[in-house]
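As structure tokens, the structure follows; a few thoughts come after it.
Only a predicted model underlies this, so the values are computations on that prediction, with no experimental measurement involved. Below, all heavy atoms of this structure are taken into account, side chains as well, without hydrogens, waters or symmetry copies.
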Amino acid sequence: MKRLLLSIAVTAVFAVPMHAANSSDAEIASLVTQAPGLRANVLKLALTAATHAGDSGLVAKRNLLTVIDYSLPSSQPRLFIFDLAAHKLLFRELVAHDDVEDGRFRRG
């Protein structure tokens with residue numbers, strides 16, 4: 001749960017919003033299909049967080065969405081960047097968040 005909340009917080013800071021209320025289940029399913037490993041409920045939460053960030057004036061561009069799903073292991077890509085205007089996944093990359101990852105200490 002802590003990781004999911006962190007993911008939402010990161011999304012709110014780094015994501016560029018799209019109105020989640022305007023996102024149909026078909027649009028979400030289409031984006032999730034392009035992003036192996038990303039769960040639909042995480043994307044939906046990210047869209048909601050991005051909408052709130054946009055409504056609060058925290059972001060300028062509204063066509064990009066960055067999602068980091070820390071519930072996925074660091075050995076799998078868990079950073080996803082979407083072009084919401086084109087309904088397209090732009091990047092899917094690995095990302096880590098601290099010195100201890102998944103119970104293992106990383107050296108170097």
Practice item. List in chain and number order the residues that pass side chain to side chain contact (heavy atoms under 4.5 Å, CB included) with Ala40, two or more places apart in sequence or in another chain; answer none if no residue qualifies. Key: Ile28, Val32
Practice item. Name all residues meeting the side chain to side chain contact (heavy atoms under 4.5 Å, CB included) criterion together with Ala26; count only those two or more places apart in sequence or in a different chain, and write none if there are none. Key: Ser24
**Study point:** Nearest non-hydrogen partners of Ala35 and Phe82, listed with the distance
**Key:** CB-CZ, 3.8 Å
Exercise for review: Check whether Val95 and Phe91 end up in the same hydrophobic cluster, where Ile, Leu, Val, Met, Phe, Trp and Tyr are linked by side-chain heavy atoms less than 4.5 Å apart.
Suggested key: yes
Practice item. Could you tell me which residues satisfy side chain to side chain contact (heavy atoms under 4.5 Å, CB included) with Gln34, sequence neighbours excluded, listed by chain and number? Key: Ser30, Leu31, Lys88, Leu89
Point to revise | Closest non-hydrogen atom pair, Ala96 against Arg78 | key: CA-NH2, 3.6 Å
Review point. For Leu90, what residues pass the side chain to side chain contact (heavy atoms under 4.5 Å, CB included) criterion, not counting sequence neighbours?
Key: Leu64, Ile81, Asp83
Practice item. Enter the distance from His52:NE2 to Leu58:CG here, rounded to the nearest 0.5 Å. Key: 12.0 Å
Point to revise | Point-to-point distance, once rounded to the nearest 0.5 Å, from OG1 of Thr66 to CD of Glu93 | key: 11.5 Å
Review point. Say you draw a straight line from CG of Leu79 to CG of Leu72; how long is it, rounded to the nearest 0.5 Å?
Key: 11.0 Å
